[in-house]
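This report concerns only the one structure given below.
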Amino acid sequence: MSLLGRSREELAACLVEAGEPAWRGRQLAQAIYRQRIQSVEEITTFSKELRERIQRLGWEVGLPRIAQVFTSVDGTERYLIGGRGVEGRTTDGLASSDTVETVWMPEGDDGEAGDGSDEENATNDRIEKSWQRATICVSSQVGCAVNCQFCLTAKLGLQRNLSAGEIAGQVVAVLDRQSVEIGRDRVNLVFMGMGEPFLNYDNFMAAVRLLVEEVGLSPQRMTVSTSGIVPGIQRFAGEPAEVRPKLAISLNAPNDAVRSQIMPINRKWPIEAVVDAVRVVKLRPRERITFEYVLLAGITDKPEHAREVARLVRRSGLPAKVNLIAWNPGPGIPYAMPEAAAVDEFRRSLAGEGVPVYMRRPRGRDIYAACGQLKRTVEG
Ligand code: SF4
């Protein structure tokens, strides 16, 4: 039974079961989420006898294991992370349903810019680390059921949901590997890895609460991207600001006709329904909704598309920005990368229409770590 993934109250209940007072739950949470211990023996605030008692009751830390690392020429690292199987199996054999992918991007991919948060702490006087800020891209499911036609993860289909511990555990494992100091280092999280977070809503939000309340990360440094799951957006709108990440909508097309072609989910929840749901989210001062937009050559990258997207954003009335992503190729996906000139014209056209627009730098393309490329590939 894993301790990681449990709230402080749940950890306190585990200790009460072991005959200890509930307040020790705080010590246990501290050891798991702040000190990032690997095993119960490392809990220095507990006596040896108590550690043994906890183990006898069947508890272990359950920190996911980084089973494989692929390193890009640009410094990005893609991890194959072995969590716990649904039945609690260990993952040494790396059964497909037990592994997910998580990406570490030192210096981010510029997708976080434009909402004001990047200006905070812009001066980092520490020089011992090779990065000044970093972004972790986190998975929420093994595979995905949404079936976006341009995405490699879609090829896996949905294998299973990740638990809250497996989602938060990816972050804890990467923070540990990179020796991140919470409160000093600038780390952003994007829930844009494998899976649709809003189709695993309860576990996703439970993980966010752990990351905020126990790990100590700010929800304003987290962004969740959805393909437009309207009931999920409606629930998300009801989350308190203290634990609500920023919201990104994976738009990717200028209108319903094109979007339904490349994102079948659009037939169920068309653009207008998604925008209506987003309007209910109560934004913080200076917060903006992000529209992610993948440029596919000849399909979504034409000049008239840019004008349509600008109209769509303006019509929404939302404080919004557009993140452009030049499509990253993947084997077996029948699309082409846009020409650099088309990308540039698209960006200038949006900017000319007064829409805040940013280009996501492709990170880790050579190791299939870039947007839409995550698939449990060991071939690298
Ligand atoms: S783009 Fe996201 S929502 Fe769409 S298939 Fe890929 S992982 Fe799923």
Side-chain angles (χ1 to χ4, degrees), residues 78-81 96-97 99-103 109 111 135-162 166-167 170 189-201 203-204 207 222-233 236 245-253 256 258-271 273-274 277-278 290-296 299-300 322-335 337 360 362-365 368-377:
R78 176 167 69 97
Y79 309 114
L80 192 61
I81 294 191
S96 64
S97 63
T99 56
V100 284
E101 301 198 350
T102 311
V103 181
D109 63 1
T135 298
I136 304 173
C137 181
V138 185
S139 293
S140 56
Q141 297 179 308
V142 182
C144 186
V146 177
N147 201 20
C148 302
Q149 299 294 295
F150 50 82
C151 170
L152 206 48
T153 303
K155 299 260 180 209
L156 288 173
L158 176 65
Q159 301 204 12
R160 70 176 178 91
N161 281 334
L162 294 179
E166 287 171 317
I167 298 171
Q170 294 167 63
L189 300 186
V190 293
F191 296 93
M192 301 185 185
M194 299 170 91
E196 163 57 65
F198 284 0
L199 290 181
N200 184 18
Y201 191 90
N203 290 343
F204 159 68
M222 302 179 189
T223 304
V224 58
S225 174
T226 178
S227 57
I229 309 296
V230 166
I233 300 170
F236 188 74
K246 294 181 293 182
L247 182 62
I249 302 296
S250 197
L251 178 67
N252 304 324
D256 282 323
V258 178
R259 195 166 190 263
S260 294
Q261 194 191 320
I262 60 173
M263 296 178 71
I265 194 87
N266 192 70
R267 291 181 207 133
K268 188 159 185 185
W269 291 298
I271 297 170
V274 173
V278 173
T290 302
F291 287 108
E292 307 283 351
Y293 194 97
V294 173
L295 292 156
L296 302 170
I299 308 223
T300 62
V322 174
N323 269 357
L324 294 179
I325 306 150
W327 179 72
N328 296 303
I333 310 261
Y335 295 115
M337 283 174 73
R360 280 256 214 103
R363 301 300 308 270
R365 232 181 216 170
Y368 288 123
C371 283
Q373 288 189 312
L374 294 187
K375 188 181 168 199
R376 204 180 32 74
T377 44

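Remember, predicted model here, so these are calculated numbers, not experimental data. Read the numbers this way: they start at 1 and go in the same order the structure lists the ligands and their atoms.
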Can you report which non-hydrogen protein atom sits closest to atom 4 (Fe) of ligand 1, along with the distance? C148 SG, 2.4 Å

Using side chain to side chain contact (heavy atoms under 4.5 Å, CB included) as the criterion, point out the one residue from V224, V138, L162 that pairs with F204. V224

Close-contact set for ligand 1 against N147 heavy atoms, below 4.0 Å: 5 (S)

Report yes if some heavy atom in the side chain of I229 is under 4.5 Å from a heavy atom in the side chain of Y201; otherwise report no. no

Just to confirm my output: which protein heavy-atom neighbour is closest to atom 8 (Fe) of ligand 1, and how far is it? C144 SG, 2.3 Å

Whether S250 side chain and S225 backbone form a donor-acceptor pair below 3.5 Å: no

Among non-hydrogen protein atoms, atom 6 (Fe) of ligand 1 lies closest to C151 SG, 2.3 Å

Got the closest protein heavy atom to atom 2 (Fe) of ligand 1, with its distance? G195 O, 4.2 Å

Interfacing atoms of ligand 1 (cut-off 4.0 Å, heavy-atom, A154): 5 (S)

Going from CD on E166 to CD1 on I81, what distance comes out if it is rounded to the nearest 0.5 angstrom? 10.5 Å

Can any side-chain N or O of T226 pair as donor or acceptor with the backbone N or O of G228 at less than 3.5 Å? yes

